[in-house]
Participant: 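Sharing a structure here in structure tokens format.
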Amino acid sequence: MKNRKVYVTAFCGVCVAMNIVLGIITSALGIPLYLDTLGTVLSAAILGPIPGMIVGALSNIITGFMYSVTDIPFCLVNMVVGLVVGLVAKKVKFSLVPAIITGLALSFICPAIGTPIGIYVYGGLNGSVSDMLVVSLVEGGKSIFQASFLRNVASNLIDKVGTCIVGWALLKAMPMRFLENFKKEQ
């Protein structure tokens with residue numbers, strides 16, 4: 001237990017790297033899923049909301065400096081994922097049902113934060129195939145916020161629920177001996 005800080009720091013570093021790599025892969029494939037919050041979910045579920053928020057923020061800040069600083073404001077979305085998952089995991093065991101419910105909640109919370117940022121930074125489009133949906137909704141009379149928000153909720157339903165389920169499965173697969181390294185000293 002003497003090395004808890006080392007384990008926490010190393011695990012958070014791995015989680016940041018996981019977020020960045022998954023974000024790069026999904027961006028390169030041009031799919032409207034983000035998957036760049038799996039490390040945030042894992043760190044928040046194991047360590048709590050503050051480490052989860054730090055992992056989320058660092059992931060977007062580092063990615064922003066690597067590719068485009070306009071991506072940095074989206075760290076707010078990733079931080080909220082850490083906060084919500086961390087609070088849920090603190091209150092109840094992060095089992096399958098809470099993971100699904102958390103994913104569903106994040107499917108609406110994240111677009112509520114990310115859509116205004118996306119409109120300000122990118123005009124509401126994200127460079128994926130789903131931009132056609134946004135353009136057709138705008139041409140059909142929806143505002144850019146409504147069109148972008150609807151697209152974001154649709155993709156987040158798959159992404160956030162899927163990410164939380166994968167996070168739960170990974171947590172369940174982790175040996176208890178490994179997880180004990182993160183328990184607070186008493």
Side-chain angles (χ1 to χ4, degrees), residues 3-27 33-95 98-118 120-121 126 149 152-153 155-157 159-172 174 178-179 181-185:
N3 295 324
R4 180 180 186 274
K5 288 181 183 179
V6 173
Y7 283 108
V8 168
T9 304
F11 186 71
C12 286
V14 168
C15 289
V16 168
M18 181 185 305
N19 283 347
I20 292 170
V21 169
L22 288 173
I24 290 169
I25 291 169
T26 56
S27 178
L33 298 177
Y34 310 108
L35 299 179
D36 58 352
T37 58
L38 182 58
T40 305
V41 168
L42 287 174
S43 61
I46 293 172
L47 303 170
I50 301 299
M53 291 174 70
I54 292 168
V55 165
L58 285 174
S59 300
N60 285 82
I61 292 168
I62 292 168
T63 303
F65 284 128
M66 287 170 50
Y67 293 103
S68 173
V69 291
T70 56
D71 291 341
I72 293 175
F74 292 98
C75 76
L76 295 174
V77 177
N78 213 335
M79 290 173 69
V80 167
V81 170
L83 176 66
V84 170
V85 171
L87 291 174
V88 169
K90 201 174 204 182
K91 201 74 167 158
V92 297
K93 185 180 179 200
F94 199 70
S95 59
I100 292 170
I101 293 169
T102 303
L104 288 170
L106 289 172
S107 298
F108 292 91
I109 295 168
C110 292
I113 297 164
T115 299
I117 297 169
Y120 180 76
V121 174
N126 64 13
F149 181 77
N152 292 342
V153 167
S155 65
N156 272 274
L157 278 168
D159 177 56
K160 296 302 181 262
V161 173
T163 298
C164 286
I165 290 171
V166 170
W168 160 77
L170 289 172
L171 285 171
K172 188 175 177 187
M174 288 180 187
F178 175 74
L179 294 173
N181 291 313
F182 301 108
K183 289 188 179 172
K184 293 185 179 175
E185 298 167 357

Participant: Could you tell me if the side chain of M53 sits less than 4.5 Å from the side chain of V80, heavy atoms only?
Facilitator: no
Participant: Closest approach of F94 and W168, non-hydrogen atoms and distance?
Facilitator: O-CD1, 3.1 Å
Participant: Below 4.5 Å, heavy atoms only, C-beta onward: do M18 and D36 meet side chain to side chain?
Facilitator: no
Participant: Measure the shortest side-chain to side-chain distance between L171 and M174 over non-hydrogen atoms and say whether it is less than 4.5 angstrom.
Facilitator: yes
Participant: Which atom pair, heavy atoms only, marks the closest approach of R4 to N181?
Facilitator: CG-O, 3.7 Å
Participant: If every non-hydrogen atom of A44 is compared with every non-hydrogen atom of G82, which pair is closest and at what distance?
Facilitator: CB-O, 3.3 Å
Participant: Determine the minimum heavy-atom distance between S43 and P51, stating which atoms define it.
Facilitator: OG-O, 4.1 Å
Participant: Name the orientation class of the two ring planes belonging to F182 and Y7 (parallel below 30°, tilted from 30 to 60°, perpendicular beyond 60°).
Facilitator: perpendicular
Participant: With no hydrogens and no angle check, just 3.5 Å: does a side-chain donor-acceptor pair link N78 and T37?
Facilitator: no
Participant: Can you tell me if F65 has over 12 outside heavy atoms packed within less than 6.0 Å of its CZ?
Facilitator: no
Participant: Looking only at heavy atoms, what is the nearest atom pair of V85 and L106, with distance?
Facilitator: CG2-CD1, 4.0 Å
Participant: Write down the atom of N60, the atom of I72, and the distance for their closest heavy-atom approach.
Facilitator: O-CG1, 4.0 Å
Participant: Determine yes or no for a side-chain-to-main-chain donor-acceptor pair under 3.5 angstrom, with N19 supplying the side chain and V16 the backbone.
Facilitator: no
Participant: So do L35 and T163 actually touch side chain to side chain, heavy atoms under 4.5 Å?
Facilitator: yes
Participant: Has T115 got a side-chain atom pairing as donor or acceptor with A112's backbone, closer than 3.5 angstrom?
Facilitator: no
Participant: Where the side chain of T26 meets the backbone of G23, is there a donor-acceptor pair that is under 3.5 Å apart?
Facilitator: yes
Participant: Without swapping roles, check the side chain of S107 against the backbone of N156 for a donor-acceptor pair under 3.5 Å.
Facilitator: yes
Participant: Could you measure the distance from the CG atom of L47 to the SG atom of C12? Nearest 0.5 Å is fine.
Facilitator: 5.0 Å
Participant: Report yes if some heavy atom in the side chain of M79 is under 4.5 Å from a heavy atom in the side chain of I54; otherwise report no.
Facilitator: no
Participant: Would you confirm whether S68, through its side chain, and G64, through its main-chain N or O, come within 3.5 Å as a donor-acceptor pair?
Facilitator: no
Participant: Just so I know, are the side chains of V81 and K160 near enough to count as touching, which here means a heavy-atom distance under 4.5 Å?
Facilitator: yes
